[in-house]
Amino acid sequence: MPAKESVSWSELKFETDDNVYAPKPASLLLADEAIKVIRPGARVLDACTGSGVVGITIASQVPHAHVTVSDINEAALAAARRNAGVNGVHVDVVFSSLYDAFPEDAFDFITVHPPAVPYPDDADWGLSAGMRVATNGGSDGSTLVVRSIAEAKPHLRKGGRLLLLLPHWSNVPAARHELKKHYRSVTELARKQVEFFPVKEGSASPRLLQHVKDLAASGTIEMTFENEVPLSIVSVIEARAD
């Protein structure tokens with residue numbers, strides 16, 4: 001049976017197992033910033049929802065917000081349903097690969113914490129199958145980050161906003177280029193130094209560690225290696241559509 005994990009935050013409780021991306025400092029930072037800017041009554045999509053922490057926090061803290069949470073991992077959707085019930089809030093739970101299940105011009109806000117961990121083609125971090133889905137961002141970590149930026153815009157209403165959790169262990173220059181290309185204004189709302197969790201939760205082979213060290217040395221990602229667990233930065237980015 002998958003190991004259970006329970007996290008409490010902001011008077012809310014979230015239960016996951018090792019096939020679901022559990023609330024981590026990055027997710028909590030996105031949730032905290034989202035409730036500061038999302039207006040009452042807004043239509044909100046929380047994509048790549050994992051345990052549902054961001055969407056459920058919005059539904060709990062923003063009056064009359066209409067919140068949809070989505071994921072491609074059925075275990076994550078089940079966890080989000082349970083967690084919404086435990087916390088006494090309503091969210092619509094939808095299976096979707098990023099935004100594929102939704103029409104254009106559907107949302108005032110989209111929040112997303114996309115998979116962003118670098119995975120070279122010939123290795124992985126030894127995480128569960130569900131966590132691999134939740135973390136695998138391709139060789140430089142940017143595959144789903146770039147898609148989550150570009151593909152969000154058609155689903156935003158006029159003047160809508162994308163709230164992106166950008167881990168700096170993915171290709172930061174590529175993400176910044178995509179944000180500038182698709183949105184009229186881009187603002188960093190917050191940033192936080194965090195541990196690169198796959199080293200703690202998975203099995204970091206010398207090959208994998210060298211891969212991320214090479215990405216950092218080239219300036220593709222931002223990571224330091226002085227500690228046993230490497231450190232990086234996560235940012236919450238607000239991108240405004242036309």
>> For a quick test of reading the model, state the closest non-hydrogen atom pair linking P115 to C48 and the distance between them.
In response: CD-SG, 4.0 Å
>> If you take the centroid of each ring, where Trp contributes its six-membered ring, are H155 and Y99 closer together than 6.0 Å?
In response: yes
>> Within this structure, what is the CG-CG distance for the pair L179 and L162, rounded to the nearest 0.5 Å?
In response: 7.0 Å
> Any link between L30 and V69 through a network of hydrophobic side chains (Ile, Leu, Val, Met, Phe, Trp, Tyr) touching at under 4.5 Å?
Replying inline: yes
>> With rounding to the nearest 0.5 angstrom, report the CD to CG distance, E33 to L28.
In response: 12.0 Å
> Counting only N and O atoms by type, is there a donor-acceptor contact under 3.5 Å from the side chain of D140 to the main-chain atoms of N171?
Replying inline: no
> Does the side chain of V117 reach to within under 4.5 Å of the side chain of F196, using non-hydrogen atoms?
Replying inline: yes
>> Let's go through Y119 and R132 carefully: what are the C-alpha distance in whole Å and the side-chain angles of both, what is the deciding distance for side-chain contact (heavy atoms from CB on, under 4.5 Å) to 0.1 Å, and is it a yes or a no?
In response: CA-CA 9 Å; Y119 276 72; R132 183 185 173 101; 3.6 Å; yes
> Does the side-chain contact (heavy atoms from CB on, under 4.5 Å) test come out yes or no for I58 and I35, once each step is laid out?
Replying inline: CA-CA 6 Å; I58 294 165; I35 61 176; 4.3 Å; yes
> Rounded to the nearest 0.5 Å, how far does CD of E151 lie from CD of E178?
Replying inline: 9.5 Å
> Do P23 and T16 have side-chain heavy atoms sitting under 4.5 Å apart?
Replying inline: yes
> Rounded to the nearest 0.5 Å, how far does NE2 of H113 lie from CG of L165?
Replying inline: 4.5 Å
> Would S60 and L12 count as a side-chain contact (heavy atoms from CB on, under 4.5 Å) if you check the C-alpha gap in whole Å, the side-chain angles of each, and the deciding distance to 0.1 Å?
Replying inline: CA-CA 9 Å; S60 172; L12 301 172; 3.8 Å; yes
> Same cluster for F109 and L45 if Ile/Leu/Val/Met/Phe/Trp/Tyr side chains link at under 4.5 Å?
Replying inline: no
> Quick one: does H168's side chain have a donor or acceptor within less than 3.5 Å of a partner on Q193's backbone?
Replying inline: no
> Can you find a pair of side-chain heavy atoms, one from D214 and one from H211, that are under 4.5 Å apart?
Replying inline: no
>> Using only atom types and a distance under 3.5 Å, with no angle test, would you say the side chain of N73 pairs donor to acceptor with the backbone of N19?
In response: yes
> What pair of heavy atoms forms the shortest contact from A116 to P167, and how long is it?
Replying inline: CB-CG, 3.6 Å
>> Aromatic contact between Y21 and F197, with the criterion being ring centroids under 6.0 Å apart: yes or no?
In response: yes
> Hey, mind stepping through K24 and E201 against salt bridge (Lys or Arg N to Asp or Glu O under 4.0 Å) and telling me if it holds?
Replying inline: CA-CA 12 Å; K24 291 180 170 60; E201 298 182 15; 3.5 Å; yes
> If you count the non-hydrogen atoms of other residues, nucleotides and ligands that lie under 6.0 Å from CG in N227, is the total more than 12?
Replying inline: yes
> Out of curiosity, R191 CZ to I237 CD1, how far, rounded to the nearest 0.5 Å?
Replying inline: 8.0 Å
> Between W169 (side chain) and L231 (backbone), is there a donor-acceptor pair under 3.5 Å?
Replying inline: no
> Are the side chain of T143 and the backbone N or O of G137 linked by a donor-acceptor pair below 3.5 Å?
Replying inline: yes
>> Run R176 and K180 through side-chain contact (heavy atoms from CB on, under 4.5 Å) and show every step you take.
In response: CA-CA 6 Å; R176 289 174 175 157; K180 184 177 180 180; over 6 Å; no
>> Give me the atom names and distance for the closest heavy-atom approach of I110 to A152.
In response: CD1-O, 3.8 Å
> Going by atom types alone, do T49 and D71 pair a side-chain donor with an acceptor below 3.5 Å?
Replying inline: no
> Linking I/L/V/M/F/W/Y whenever any side-chain heavy atoms sit under 4.5 Å apart, do F102 and V67 land together?
Replying inline: no
> Charged N to carboxylate O under 4.0 angstrom, R240 versus E238?
Replying inline: yes
> Can you name the one residue among R161, R157, R43 that meets salt bridge (Lys or Arg N to Asp or Glu O under 4.0 Å) with D108?
Replying inline: R157
> Closest approach of L166 and A175, non-hydrogen atoms and distance?
Replying inline: CD1-CB, 3.7 Å
>> Let me check something: do L215 and L209 share a hydrophobic cluster, defined by ILVMFWY side-chain heavy atoms less than 4.5 Å apart, either directly or through other members?
In response: yes
>> If I compare all heavy atoms of Y183 with all of V186, which pair ends up nearest, and what's the gap?
In response: CB-CG2, 4.3 Å
> Is the side chain of S235 donor-acceptor paired with the backbone N or O of E188 at a distance under 3.5 Å, no angle test?
Replying inline: no
> Do L189 and V112 share a hydrophobic cluster, counting only Ile, Leu, Val, Met, Phe, Trp and Tyr and linking them when any side-chain heavy atoms are less than 4.5 Å apart?
Replying inline: no
> Under 4.5 Å between any side-chain heavy atoms of L164 and S148, yes or no?
Replying inline: yes
> Which atom pair, heavy atoms only, marks the closest approach of A101 to S96?
Replying inline: N-OG, 3.1 Å
>> Quick check for you: to the nearest 0.5 Å, what is the distance between K192 atom NZ and I233 atom CD1?
In response: 10.0 Å
